Amino acid sequence: MKQIFALADCNSFYASCERVFNPALAGRPVVVLSNNDGCVIARTAEAKALGIVGFEPFFKYQHLIATHDVAVYSANFTLYGDLSNRVMAVLRGFAPQTEVYSIDEAFLILTGMAVDPDAYCRCIRDTVRQWTGLPVSIGIGPSKTLAKLANRIAKKDPAHGGVFDITGRPDADALLAGIDVQDVWGVGRRYAKFLRTRGIGTALALRDLPDTFVKKHMTVMGLRTVEELRGNPCISIEETRKPKQAILTSRSFGRDIQTERELREAVAEFTAMCAEKLRAQRSAAAFVMVFLETNGFRDAPQYSNAATIGIAEPTDYTPALLAAAHQGLARIFRPGYLYKRCGVLLSGIVPKAAAQLDCFAAAGGNAGHAQKVALMGALDAVNARWGRGTLKYAAAGVERSWKMRQLRLSPRFTTQWEDLPVAKAV
DNA sequence: TCTGGGGTCCTAGGACCC
DNA sequence: TCTGGGGTCCTAGGACCC
């Protein structure tokens with residue numbers, strides 16, 4: 001049976017989230033900034049129309065902000081994550097199989113459902129809008145890659161009303177000819193440049209390339225993409241999230257950092273955040289990597305380095321990970337540089353139940369195990385209930401000189417009682 | 001001068017995604 | 001003044017083994 005894939009993707013997701021709780025933003029250009037208020041990471045149609053480009057540094061657009069009444073927000077991932085969960089819950093109600101692909105996208109399998117895909121997806125779109133307040137566009141096709149492409153068409157041309165089905169269209173070739181090769185899922189900047197120099201500039205031209213050429217220059221991944229463009233699905237739906245193989249927490253600092261003391265605080269905080277994610281997926285880690293770097297945009301001496309520390313017994317216990325992380329930092333820290341960014345990466349991740357016990361641990365070394373489990377459980381529960389950072393390690397510091405700049409943060413409307421919007425009777 | 005061959009495992013680096 | 005963060009997968013090449 002021919003498979004039917006649908007891709008639901010929220011429009012300007014982060015910016016739309018800000019609008020949900022602030023109706024005065026309707027019709028106004030809205031942009032959301034990356035951590036440290038550095039880059040523009042989301043923008044509404046009105047902001048796009050002003051010429052604001054995604055992933056460009058925000059300061060380039062300062063002049064537009066006042067003159068065009070642009071609303072600007074620091075990224076509020078707590079809010080966006082919560083609204084994302086709501087959207088995904090609605091989508092799950094419409095298809096037997098779904099895959100949450102990113103914070104604002106999900107694939108749905110409509111194969112075998114006794115519905116007209118186009119009409120059904122219009123119903124999905126209306127329901128998401130009504131139940132969450134968020135606008136979503138849906139693309140439909142015989143493979144994930146074509147569903148992605150159809151989604152792009154749905155978004156681009158308002159005449160489609162936010163839903164587009166590319167399946168079995170007589171003008172499919174013309175549609176593919178209208179898509180830049182770099183807009184194909186799986187073709188990034190490098191491959192696009194390579195293809196263009198060989199005269200392959202559109203999705204259509206890519207689809208019709210010989211397999212051998214694609215395999216040779218774009219590996220089996222490229223071949224998969226081309227097959228999908230031909231309508232032969234070879235990327236399947238993954239309903240259950242596999243446990244992550246690497247867990248990373250890293251940040252650019254709000255200002256340059258010079259001392260190891262301050263870096264130790266940042267590393268402690270990042271390690272604690274990694275450990276929390278690790279425990280959430282019931283895993284343990286065997287390696288902790290720490291890296292730090294100076295600001296590559298600055299005309300100052302540059303330095304970057306990383307160290308990986310192995311842990312005898314894979315663990316999810318924050319203090320053990322913290323000790324390793326600080327050991328790694330000590331190994332790579334060099335005084336005299338202006339540091340801009342650092343991070344902690346956990347790897348060697350195994351299911352906690354299968355974690356290999358350390359044969360060399362001192363006798364009784366595991367005696368405190370139950371207490372450690374209880375302690376971490378309590379820590380995570382408190383932080384989940386009362387907000388991240390309610391309980392934290394003293395090593396993460398109180399000064400927090402490294403913290404991000406977030407000057408335009410919206411309230412956490414959905415996750416903090418004190419930020420709950422209040423409806424006033426007039 | 002001549003200098004096997006085949007296999008596995010691991011890591012670094014490069015490509016991609018949102 | 002001001003330039004994000006968190007992931008995945010594949011390949012090439014080296015180490016090591018017999």
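Below, all heavy atoms of this structure are taken into account, side chains as well, without hydrogens, waters or symmetry copies. Residue numbers start from 1 in every chain, and the chains themselves are labelled A, B, ... in the order their sequence lines are given, proteins ahead of strands. Every value quoted in this text rests on a predicted model; they were computed, and no experiment measured them.
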Practice task
Would you kindly give the CD-to-P distance between A:Q406 and C:dG5, to the nearest whole Å?
Solution key: 10 Å
Practice task
Establish, with yes or no, whether the OP1 or OP2 oxygen of C:dG4 is under 4.0 angstrom from a side-chain nitrogen or oxygen of A:S250.
Solution key: no
Exercise for the section: If the plane angle is over 60° it's perpendicular, under 30° parallel, otherwise tilted; pick one for A:Y80 and A:Y14. Expected result: parallel
Problem - Heavy-atom side-chain proximity of A:L83 to A:T132 below 4.5 angstrom - result: no
Problem - Within the 6.0 Å centroid threshold, strictly below: A:F5 and A:F107 - result: no
Exercise for the section: Round to a whole Å and report the spacing from CG of A:D37 to C1' of C:dG4. Expected result: 11 Å
Exercise for the section: Give one of base, sugar-phosphate or nothing for A:Q62, where a contact means two heavy atoms less than 4.0 Å apart. Expected result: nothing
Exercise for the section: Report yes if a side-chain nitrogen or oxygen of A:S252 is closer than 4.0 Å to either non-bridging phosphate oxygen (OP1 or OP2) of C:dG5; otherwise report no. Expected result: yes
Exercise for the section: Indicate whether any N or O donor in one side chain lies under 3.5 Å from an N or O acceptor in the other, for A:Y337 and A:E293. Expected result: no
Problem - Protein-nucleotide distance (A:R408, atom CZ; C:dC2, atom P), rounded to Å - result: 16 Å
Fill in the blank from the handout: In whole angstroms, the gap separating P of C:dT8 from CG of A:L345 amounts to 10 Å
Practice task
Please check the phosphate of C:dT8 (OP1 and OP2 only) for any side-chain N or O of A:K242 closer than 4.0 Å.
Solution key: no
Exercise for the section: Grab the CZ-C1' distance between A:R152 and B:dC18 for me, whole Å please. Expected result: 13 Å
Exercise for the section: Please state the P separation for the pair C:dC18 and B:dT3 - nearest whole angstrom. Expected result: 25 Å
Practice task
Give none if C:dA15 has no partner; otherwise give the nucleotide forming a Watson-Crick or G-U wobble pair with it, both distances under 3.5 Å.
Solution key: B:dT8
Handout entry: Under-4.0 Å side-chain N/O to phosphate OP1/OP2 contact, A:K340 with C:dT3
Key = yes
Fill in the blank from the handout: Closest of C:dG6, C:dC9, B:dC18 to the A:Q245 side chain is C:dC9
Fill in the blank from the handout: Of the candidates B:dC18, C:dG4, C:dT3, the side chain of A:P57 sits closest to C:dT3
Problem - Any A:R255 side-chain N or O less than 4.0 Å from OP1/OP2 of C:dT1 - result: no
Fill in the blank from the handout: Only one of A:T167, A:T111, A:N232 passes side chain to side chain donor-acceptor pair (under 3.5 Å) with A:Q3, and that residue is A:T111
Problem - Short N-O contact, A:R412 and A:D419, less than 4.0 angstrom - result: yes
Practice task
Give one of base, sugar-phosphate or nothing for A:R241, where a contact means two heavy atoms less than 4.0 Å apart.
Solution key: nothing
Exercise for the section: Classify the angle between the aromatic ring planes of A:F413 and A:F21 as parallel (below 30°), tilted (30 to 60°) or perpendicular (above 60°). Expected result: parallel
Exercise for the section: Check the distance between C:dC2's P and A:F59's CZ and give it to me in whole angstrom. Expected result: 8 Å
Exercise for the section: Name the nucleic acid region contacted by A:K244, choosing base, sugar-phosphate or nothing; use a 4.0 angstrom heavy-atom cut-off, strictly under. Expected result: sugar-phosphate
Practice task
Assign each of A:F58 and A:T249 to its nearest nucleotide of DNA chain C by heavy atoms, then name whichever residue's nucleotide is nearer the 5' end.
Solution key: A:F58
Exercise for the section: Describe the nucleic acid contact of A:V40 in one word from base, sugar-phosphate, nothing, applying a heavy-atom distance below 4.0 Å. Expected result: nothing
Exercise for the section: Name the residue closer to the 5' end of DNA chain C, choosing between A:S34 and A:I247 according to the nucleotide with the nearest heavy atom. Expected result: A:S34
Fill in the blank from the handout: From the candidates C:dG5, C:dC2, C:dG6, the one with an atom nearest any side-chain atom of A:R298 is C:dC2
Practice task
Consider only side-chain N and O atoms of A:N76 and A:S410, and report whether a donor and an acceptor are under 3.5 Å apart.
Solution key: yes
Exercise for the section: Provide, to the nearest angstrom, the distance between the CD atom belonging to A:E56 and the P atom belonging to C:dC2. Expected result: 17 Å
Practice task
Quickly work out the A:L346 CG to C:dG7 C1' distance and round it to whole Å.
Solution key: 14 Å
Problem - Residues from residues 186-223 of chain A lying under 4.0 Å of DNA chain B - heavy atoms - result: A:G186, A:V187, A:G188, A:R189, A:R190, A:Y191
Practice task
Return the nearest nucleotide to the side chain of A:R224; candidates are C:dT8, C:dC10, B:dC18.
Solution key: C:dC10
Exercise for the section: Identify whether any heavy atom of A:D104 sits under 4.0 Å from a base atom; if not, whether one sits that close to sugar-phosphate; answer base, sugar-phosphate or nothing. Expected result: sugar-phosphate
Fill in the blank from the handout: Against the side chain of A:R405, the closest entry in C:dG5, C:dC2, C:dC10 is C:dC2
Practice task
Ignoring backbone atoms, establish whether A:R251 has a side-chain N or O less than 4.0 Å from OP1 or OP2 of C:dG6.
Solution key: yes
Handout entry: Candidate pair A:V290 and A:F270, rule side-chain contact (heavy atoms from CB on, under 4.5 Å), full reasoning
Key = CA-CA 10 Å; A:V290 180; A:F270 300 162; over 6 Å; no
